[in-house]
Number of protein chains: 2
Amino acid sequence: MYLRALQALSDRGTPTVSSEELATVAGVNSAKLRKDLSHLGSYGTRGVGYDVEYLIYQISRELGLTQDWSVAIVGAGNLGRALANYGGFGTRGFRIAALLDADAAVVGDEVAGLSVRHIDTLEDVVSMEKVSIGVIATPAAAAQGVCDRFVSAGVTSVLNFAPVVLNVPDGVDVRKVDLSIELQILAFHEQRKADGHEGPDWIGALEA
Amino acid sequence: MYLRALQALSDRGTPTVSSEELATVAGVNSAKLRKDLSHLGSYGTRGVGYDVEYLIYQISRELGLTQDWSVAIVGAGNLGRALANYGGFGTRGFRIAALLDADAAVVGDEVAGLSVRHIDTLEDVVSMEKVSIGVIATPAAAAQGVCDRFVSAGVTSVLNFAPVVLNVPDGVDVRKVDLSIELQILAFHEQRKADGHEGPDWIGALEA
DNA sequence: AGCTGTGAATTATTTCACAGCA
DNA sequence: TGCTGTGAAATAATTCACAGCT
């Protein structure tokens, strides 16, 4: 969160920022921001604030973004292609090592400078390219199988876009992206607007 | 979260569930689950548990998912098409009312049973189809312009996939989906595994 | 003077533990 | 007996407020 706010400031050429300013941009209290940042170390200067570039570097380092991570995407449908073309990855320390698909008809297609490879090469790709994160952008039915292959090939982090819950052994991290959740949150707010804002007062919980 | 867990139980045909079971599936403490559900009302039965279907209905109603919401997607690139084809929407109370694009070359394409319409019809689409949520799946440069048009057409909820921060007037909700955030979280865990789990102990904060 | 870093105070969340109902 | 619903207790997160550095 702070990193994104800082990157926006950096793009704008801002050299330093106070906890007050950065907190406002990030939408939190300035004392909380200072306490959070203090966990990383003392990177601010009293009377001045934080050096934007230096703080970006420190947060990036803490988050493990100063090294490059290789990512393999399985599923070269619209979602897989959208992900491969997604600008945010390349510039944020992620390298798309390969785009794989089970359908022979799309194998060989050029997407984002990559040639789509057949799913049978998954194990080769993982070991050759030292893939540490596997992205599953397949139909629901294929997801668990792909996940199992990732895991046995040694991948321990999986990002799942398929609408199924994946079973994995201990030590493997799975994150599930459910695109309808965001719509549900918007619909909830939309309903509240229509209701004229009456109703229970525990809604703050959803703001995050 | 509870809704998704309940839907999984429902798919499996489970008729009732105890707070203990549902809490385990959802990954929380059972007392917390009971307290959360008690905010909606007393829908459980002592000695038995919760009726899965009834609880799904009650939560859905509270979240505003029992009415149908019309959604317009702008941007018929890979991401827009992936969203239009995303199974989760139709079955969860969201109707894709239209898919719009500025490029005349894609206008008229058939995607997920819809014909891609030209961006100039945005205002017509919003009023004719009573669109309450606008989805922006355009390149970054076009996003703010599309957002402005949504807002002046009366849309008060926007889901933004473009990697820019949108400016909107008060009363308009924007949610930004940043696909690289999920990778960053995985990379962070991946780094910790590689480090042999030493390091600061405030990492729990990222688990959510 | 202007800001950070941080103990102390406050506020919120989570969990315990059990009364009471089916 | 087996569970929910919920006060009370414990724990955690946030904010205040200010000492101390530049």
Side-chain angles (χ1 to χ4, degrees), chain A residues 1-3 5-6 9-10 12 14-63 185 188 199-208, chain B residues 1-6 9-10 14-63 185 188 199-208:
Chain A
M1 215 166 87
Y2 300 146
L3 186 55
L6 284 164
L9 289 170
S10 172
R12 217 167 300 151
T14 316
T16 63
V17 66
S18 71
S19 63
E20 197 71 41
E21 295 167 313
L22 185 52
T24 305
V25 174
V28 301
N29 176 290
S30 68
K32 173 164 163 39
L33 179 137
R34 290 199 299 279
K35 192 151 280 185
D36 287 347
L37 292 186
S38 76
H39 286 298
L40 308 180
S42 287
Y43 299 133
T45 309
R46 286 159 200 249
V48 179
Y50 299 91
D51 182 279
V52 172
E53 296 305 326
Y54 185 54
L55 194 51
I56 286 176
Y57 171 73
Q58 291 297 344
I59 296 180
S60 297
R61 191 174 49 76
E62 193 70 30
L63 294 179
I185 294 169
F188 176 72
D201 58 344
W202 45 269
I203 14 80
L206 283 171
E207 300 300 330
Chain B
M1 217 166 84
Y2 300 147
L3 187 55
R4 276 191 286 173
L6 284 164
L9 289 170
S10 171
T14 316
T16 63
V17 67
S18 71
S19 62
E20 197 70 44
E21 294 166 314
L22 185 52
T24 305
V25 174
V28 302
N29 176 290
S30 69
K32 174 163 163 32
L33 179 135
R34 288 198 301 276
K35 190 151 280 183
D36 287 346
L37 293 185
S38 75
H39 288 298
L40 309 179
S42 287
Y43 299 135
T45 308
R46 288 162 199 245
V48 179
Y50 299 90
D51 182 279
V52 172
E53 295 306 324
Y54 185 52
L55 194 52
I56 285 176
Y57 171 74
Q58 291 297 342
I59 296 179
S60 297
R61 191 173 50 77
E62 193 71 28
L63 294 179
I185 294 169
F188 175 72
D201 58 345
W202 45 269
I203 14 81
L206 282 171
E207 300 299 331

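Convention: sequence-line order gives letters A, B, ...; per-chain numbering from 1. No hydrogens, no waters, no symmetry mates; every other heavy atom, side chains included, goes into these values.
- For dT15(D), the base has a donor-acceptor partner in the side chain of K35(A) [N/O atoms by modelled type, under 3.5 angstrom].
- Sorted by first then second residue, the salt bridge (charged side-chain N to carboxylate O under 4.0 Å, His left out) pairs that include residues 36-45 of chain B, not counting sequence neighbours, are K32(B)-D36(B).
- Partners of Y43(B) by side chain to side chain contact (heavy atoms under 4.5 Å, CB included), not counting sequence neighbours, listed by chain and number: L40(B), Y54(B), L55(B), Q58(B), R61(B).
- If you check residues 20-27 of chain A against DNA chain D, you find no residue with a heavy atom closer than 4.0 Å.
- The shortest distance between the side-chain N/O atoms of S18(B) and the OP1/OP2 oxygens of dC3(D) is not below 4.0 Å.
- For K35(A), the side chain to side chain donor-acceptor pair (under 3.5 Å) criterion is met by no residue, not counting sequence neighbours.
- Bending across the helix from dA1(C)-dT22(D) to dA22(C)-dT1(D), expressed as the angle between its end axes from five pairs apiece, amounts to 10° (10° rounding).
- dT15(D) atom C1' lies 16 Å from atom CG of L37(A), rounded to whole Å.
- When all heavy atoms are compared, the tightest approach of M1(B) to A26(B) is CE-O, 3.9 Å.
- Applying the ring pair (Phe, Tyr, Trp, His ring centres under 6.0 Å) test to Y57(B) and every residue at least two apart in sequence or in another chain returns nothing.
- Rounded to an integer number of Å, the gap from M1(A) CE to dT14(D) C1' is 13 Å.
- Separating the CG atom of L55(B) from the P atom of dC3(D) is a distance of 16 Å, rounded to the nearest angstrom.
- Counting only heavy atoms from C-beta on, R34(A) has its side chain closest to dT4(C) among dT4(D), dT4(C), dC16(D).
- A straight line from CG of L33(B) to P of dT4(D) spans 8 Å, rounded to a whole angstrom.
- Of all heavy-atom pairs spanning L33(B) and V28(B), the tightest one is CB-CG2, 4.2 Å.
- Evaluation of the side chain to side chain donor-acceptor pair (under 3.5 Å) rule for S60(A) yields no partner, not counting sequence neighbours.
- Nearest-nucleotide mapping onto DNA chain D: of A31(B) and A31(A), the residue sitting toward the 5' end is A31(B).
- Partners of S38(A) according to the side chain to side chain donor-acceptor pair (under 3.5 Å) rule, which considers only residues two or more places apart in sequence or in another chain, do not exist here.
- Rounded to a whole Å, the NZ atom of K32(B) is 8 Å from the C1' atom of dT13(C).
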Polar atom pairs between nucleotides 20-22 of chain C and protein, under 3.5 Å, N or O only, would you list them?
{"from": "dG20(C)", "atom 1": "N2", "to": "R46(B)", "atom 2": "NH1", "distance (Å)": "3.4"}
{"from": "dG20(C)", "atom 1": "N3", "to": "R46(B)", "atom 2": "NH1", "distance (Å)": "3.3"}
{"from": "dA22(C)", "atom 1": "O4'", "to": "R46(B)", "atom 2": "O", "distance (Å)": "3.3"}

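- Sorted by first and then second residue, the salt bridge (charged side-chain N to carboxylate O under 4.0 Å, His left out) pairs with a member in residues 38-55 of chain B form an empty list; sequence neighbours excluded.
- Listed here is the closest heavy atom pair of S19(B) and S30(B): O-CB, 3.9 Å.
- Contact annotation: Y50(B) side-chain N/O to dG2(D) OP1/OP2 distance is not under 4.0 Å.
- T14(B) is linked by a side chain to side chain donor-acceptor pair (under 3.5 Å) to nothing, counting only residues two or more places apart in sequence or in another chain.
- Under the side chain to side chain contact (heavy atoms under 4.5 Å, CB included) criterion, V17(B) pairs with L6(B), L9(B), E21(B), L22(B), Y50(B), V52(B), sequence neighbours left out.
- Distance D36(B) CG to dT15(C) P: 10 Å, rounded to the nearest Å.
- Remark: P of dA9(C) and CG of N29(A) are 18 Å apart, rounded to the nearest angstrom.
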